[in-house]
Amino acid sequence: MGHRSRSRHPTLFASEAVDLPPGFHHLPGFYDAAGQRSILVDIRAVLADAPLFQQAMPKTGAPLSVKMSNAGTFGWVTDREGGYRYQSRHPTTGKQWPPIPSSLLELWKKLTGEVIPPNLCLINFYDAEARLGLHQDKGESSLDAPVVSVSLGDDATFLVGGMSRKDPVRRLRLHSGDVVWFGGPARLIYHGVEGIVPGSSSLLTDEGFADGGRINLTLRRIDRPSDEMT
DNA sequence: CAGTCCCT
DNA sequence: ACGG
């Protein structure tokens with residue numbers, strides 16, 4: 001530790017200053033190590049009650065590589081027969097989703113200033129092979145409310161597009177403890193996850209997730225469940 | 001169209 | 001571009 005070796009290469013600063021779309025916010029290092037562990041403990045308890053499960057695309061039945069679960073009044077669910085929808089019960093256990101941990105409700109209020117709390121927390125688990133193609137978070141009735149996202153565990157290459165599928169896409173490296181949120185003009189922006197960097201964080205393995213990986217939490221507000229939304 | 005596959 |  002004898003000398004300062006931090007790079008001050010100008011292009012590094014330039015790449016950090018990537019201009020993101022209006023309404024899209026990246027807060028690197030929002031949670032310190034203790035804060036990350038605290039949320040992960042909450043999520044581990046949620047998952048004990050509402051285990052991760054494999055979802056599938058509407059009509060084709062193509063499986064999603066990201067394993068998911070939910071907390072809140074509603075959860076995001078998709079399968080071949082029913083398509084994208086919000087429902088109050090876990091598809092395999094039949095139980096209602098556990099409540100959203102208070103730490104995440106506080107984050108939502110602190111960040112967005114929204115008076116109405118989120119009622120859906122989607123839990124996404126990425127193993128070494130998991131990806132999530134470019135998509136829009138639509139279907140929610142409340143497009144006024146933003147989407148808030150917390151990254152835990154391994155780094156991810158996040159894709160930030162535009163309002164059209166063919167708009168140019170930026171890559172954004174997300175680290176454990178980062179928070180991203182988007183609303184207003186960015187609420188329907190195309191986004192996705194190109195992949196993770198396996199083994200880049202020890203948070204999950206330290207907290208008992210044997211194989212590591214990445215957990216992402218997304219908070220939203222929806223007004224009602226739905227049978228299908230494409 | 002939150003999927004996979006294949007091509008310039 | 002595809003098929004569902």
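Below, chains carry the letters A, B, ... as their sequence lines are ordered, and counting in each starts from 1.
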Novice: Would you indicate which nucleotide in B:dG3, B:dA2, C:dG4 comes nearest to any side-chain atom of A:Y84?
Specialist: B:dA2
Novice: What's the spacing between A:Y126 OH and A:L204 CG if we round to 0.5 Å?
Specialist: 13.5 Å
Novice: Could you state the CG-P distance from A:L132 to B:dC1, rounded to the nearest angstrom?
Specialist: 15 Å
Novice: Any side-chain heavy-atom pair from A:I100 and A:W108 closer than 4.5 angstrom?
Specialist: no
Novice: Nearest 0.5 Å, please: how far is CD in A:Q96 from CG in A:D49?
Specialist: 10.5 Å
Novice: For the ring pair A:F24 and A:H191, is the centre-to-centre distance below 6.0 Å?
Specialist: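 That pair fails the under 6.0 Å test.
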Novice: Please name all residues satisfying side chain to side chain donor-acceptor pair (under 3.5 Å) with A:E114, sequence neighbours left out, ordered by chain then number.
Specialist: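 Scan of A:E114 (side chain to side chain donor-acceptor pair (under 3.5 Å), adjacent residues dropped) gives none.
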Novice: Starting from C1' on B:dA2, measure out to CD on A:Q136 and report it in whole angstrom.
Specialist: 11 Å
Novice: Please identify which of these residues, A:Q55, A:R220, A:R85, meets the side chain to side chain contact (heavy atoms under 4.5 Å, CB included) condition with A:W76.
Specialist: A:Q55
Novice: Using Watson-Crick pairs (N1 to N3, plus N6-O4 or O6-N4) and G-U wobble pairs, both distances under 3.5 Å, which stems of at least 3 pairs involve DNA chain B?
Specialist: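 So the stems come out as none.
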Novice: Starting at atom CE of A:M68, determine the distance to atom P of B:dA2, rounded to an integer number of angstrom.
Specialist: 11 Å
Novice: Please give, in whole Å, the distance from B:dG3 P to A:H135 NE2?
Specialist: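 One finds 8 Å between P of B:dG3 and NE2 of A:H135, rounded.
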Novice: In whole angstrom, what separates A:M57's CE from B:dT4's C1'?
Specialist: 10 Å
Novice: Can you tell me if A:R165 touches the phosphate of B:dA2, counting only side-chain N or O atoms and a distance under 4.0 Å to OP1 or OP2?
Specialist: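 So the side-chain polar atoms of A:R165 do come within 4.0 Å of the phosphate oxygens OP1 or OP2 of B:dA2, strictly under.
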Novice: If we require ring centres under 5.5 Å and near-parallel planes under 30°, does A:Y190 stack on B:dA2?
Specialist: no
Novice: At less than 4.0 Å, is any side-chain N or O atom of A:R80 found next to OP1 or OP2 of B:dG3? Yes or no.
Specialist: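 No, A:R80 has no side-chain N/O under 4.0 Å of OP1/OP2 on B:dG3.
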Novice: How many whole angstroms separate atom CZ of A:R220 from atom P of B:dA2?
Specialist: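 After rounding, the reported distance stands at 13 Å.
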Novice: Please state the C1' separation for the pair B:dC5 and B:dC1 - nearest whole angstrom.
Specialist: 14 Å
Novice: Are A:F53 and A:H90 an aromatic pair, judged by ring center distance below 6.0 Å?
Specialist: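 Ring-ring flag for A:H90/A:F53: true, centres closer than 6.0 Å.
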Novice: Measuring from the side chain of A:R131 (C-beta onward, heavy atoms only), which nucleotide among B:dT4, B:dG3, C:dG4 has the closest atom?
Specialist: B:dT4
Novice: Using atom CZ of A:F182 as one end and atom P of B:dA2 as the other, report the distance to the nearest whole Å.
Specialist: 13 Å
Novice: Nearest-Å distance, CG (A:D137) to P (B:dA2)?
Specialist: 10 Å
